[in-house]
Amino acid sequence: MATLSTEKFENLKISAACRESKELLAEHYYKTWDDGRTEMVHDESGNLQERCKLWRLYHPNASIVWNGKAMDRDGVNSLVSAMPPSKHTIKTLDVQPTGADGNNFIISVHGICRYQDVVFERFHQQFVIWKDVSNPDQPRHWITYDCLRWLSEGGAEAE
């Protein structure tokens, strides 16, 4: 019977964690941005307010830079909530672990965003994802860094 070496086991764990992070972005982040992006939630004072669902994915201390403008997760909430309906098409998505523990990842995304069937914008977005395993039964992925750059605007053809 073959045994799995510790190194191979660690590589398998990291590969599985990379897939989880990829799914978070490809199947959750952009889908949330495109489909029903807002929800009603209670703020710190207990007041009901509309929030962008993406807001929940960002760690409270996340570093966020969109098109050269630094913001916090409240800024993402305001910006995304004000955008017209969109459809993201991911062209490339690469996930790389950044440490031996398998809980931190750099994710690079290139794609096209289509707004209201008229404007196409090519974009590059880079994330650092941290997998919080403080509760092993319910690990949580946090976006701790997000840098979005629009590469072209207006009239870029979708491929």
Side-chain angles (χ1 to χ4, degrees), residues 13-44 49-99 101-153 156-159:
K13 274 182 21 183
I14 290 172
S15 293
C18 285
R19 280 191 304 280
E20 289 173 3
S21 293
K22 179 180 176 181
E23 289 170 9
L24 169 74
L25 288 178
E27 297 170 15
H28 186 68
Y29 182 88
Y30 294 107
K31 185 172 177 26
T32 299
W33 189 336
D34 294 339
D35 303 329
R37 59 177 75 151
T38 60
E39 65 185 346
M40 298 303 288
V41 296
H42 291 279
D43 65 14
E44 297 80 20
Q49 67 181 48
E50 188 173 30
R51 273 235 188 251
C52 170
K53 290 179 186 177
L54 294 177
W55 180 88
R56 291 184 283 143
L57 300 175
Y58 289 92
H59 189 273
N61 298 323
S63 296
I64 304 163
V65 180
W66 279 16
N67 260 356
K69 181 179 182 209
M71 63 181 71
D72 58 14
R73 63 187 196 164
D74 288 326
V76 169
N77 175 59
S78 299
L79 188 62
V80 173
S81 296
M83 289 181 176
S86 61
K87 173 65 178 140
H88 287 79
T89 302
I90 305 304
K91 296 296 185 180
T92 62
L93 189 147
D94 181 52
V95 180
Q96 297 293 323
T98 61
D101 65 359
N103 293 327
N104 293 283
F105 308 91
I106 293 177
I107 301 177
S108 182
V109 181
H110 285 90
I112 297 170
C113 184
R114 180 181 202 158
Y115 288 104
Q116 294 182 327
D117 298 324
V118 176
V119 177
F120 295 93
E121 298 213 33
R122 294 184 189 280
F123 70 91
H124 174 255
Q125 195 163 13
Q126 190 151 16
F127 299 91
V128 173
I129 305 292
W130 169 54
K131 182 178 179 183
D132 179 1
V133 292
S134 58
N135 180 351
D137 295 329
Q138 292 185 324
R140 174 161 186 180
H141 290 82
W142 288 101
I143 297 170
T144 59
Y145 175 80
D146 176 5
C147 182
L148 171 78
R149 176 66 71 183
W150 296 115
L151 302 175
S152 66
E153 92 181 59
E157 292 297 320
E159 296 171 358

For residues 54-70, pull every pair meeting salt bridge (charged side-chain N to carboxylate O under 4.0 Å, His left out), keeping only residues two or more places apart or in separate chains.
Glu39-Arg56
Ile112 versus Lys91, closest heavy-atom pair with distance:
CD1-CE, 3.8 Å
Does the gap between the ring centers of Phe123 and His88 come in under 6.0 Å?
yes
Give the minimum heavy-atom separation between Asp72 and Ile64, together with the two atoms involved.
C-CD1, 3.7 Å
Non-neighbouring partners of Asp132 that pass side-chain hydrogen bond (donor to acceptor under 3.5 Å, both in side chains), sequence neighbours left out
Ser134
Looking at residues at least two apart in the chain, or sitting in another chain, which of them share a side chain to side chain contact (heavy atoms under 4.5 Å, CB included) with Ile106?
Thr98, Gln126, Val128
Does Asn61 have any side chain to side chain contact (heavy atoms under 4.5 Å, CB included) partners at least two apart in sequence or in another chain, and if so, which?
His59
Applying ring-ring contact (aromatic ring centres under 6.0 Å, His included), name anything that partners Tyr58, two or more places apart in sequence or on another chain.
none
Tell me, which pairs form a ring pair (Phe, Tyr, Trp, His ring centres under 6.0 Å) where one or both residues lie in residues 61-86, sequence neighbours left out?
Trp33-Trp66
Roughly how far apart are Ser108 OG and Gln125 CD, rounded to 0.5 Å?
10.0 Å
Sequence neighbours left out, what passes side-chain hydrogen bond (donor to acceptor under 3.5 Å, both in side chains) with Trp142? Give chain and number order.
none
Could you work out, with ring-ring contact (aromatic ring centres under 6.0 Å, His included) as the rule, every residue matching His124, not counting sequence neighbours?
His110
Measure the acute angle between the ring planes of Tyr30 and Phe127, then classify it against the limits of 30° and 60° as parallel, tilted or perpendicular.
perpendicular
Contacts of Ser78 meeting side-chain hydrogen bond (donor to acceptor under 3.5 Å, both in side chains) (sequence neighbours excluded), chain-then-number -> none
With sequence neighbours left out, the residues meeting side chain to side chain contact (heavy atoms under 4.5 Å, CB included) with Asn67 are Arg149, Trp150
Not counting sequence neighbours, which residues clear side-chain hydrogen bond (donor to acceptor under 3.5 Å, both in side chains) with Ser86? List them please.
Asp34, Arg37
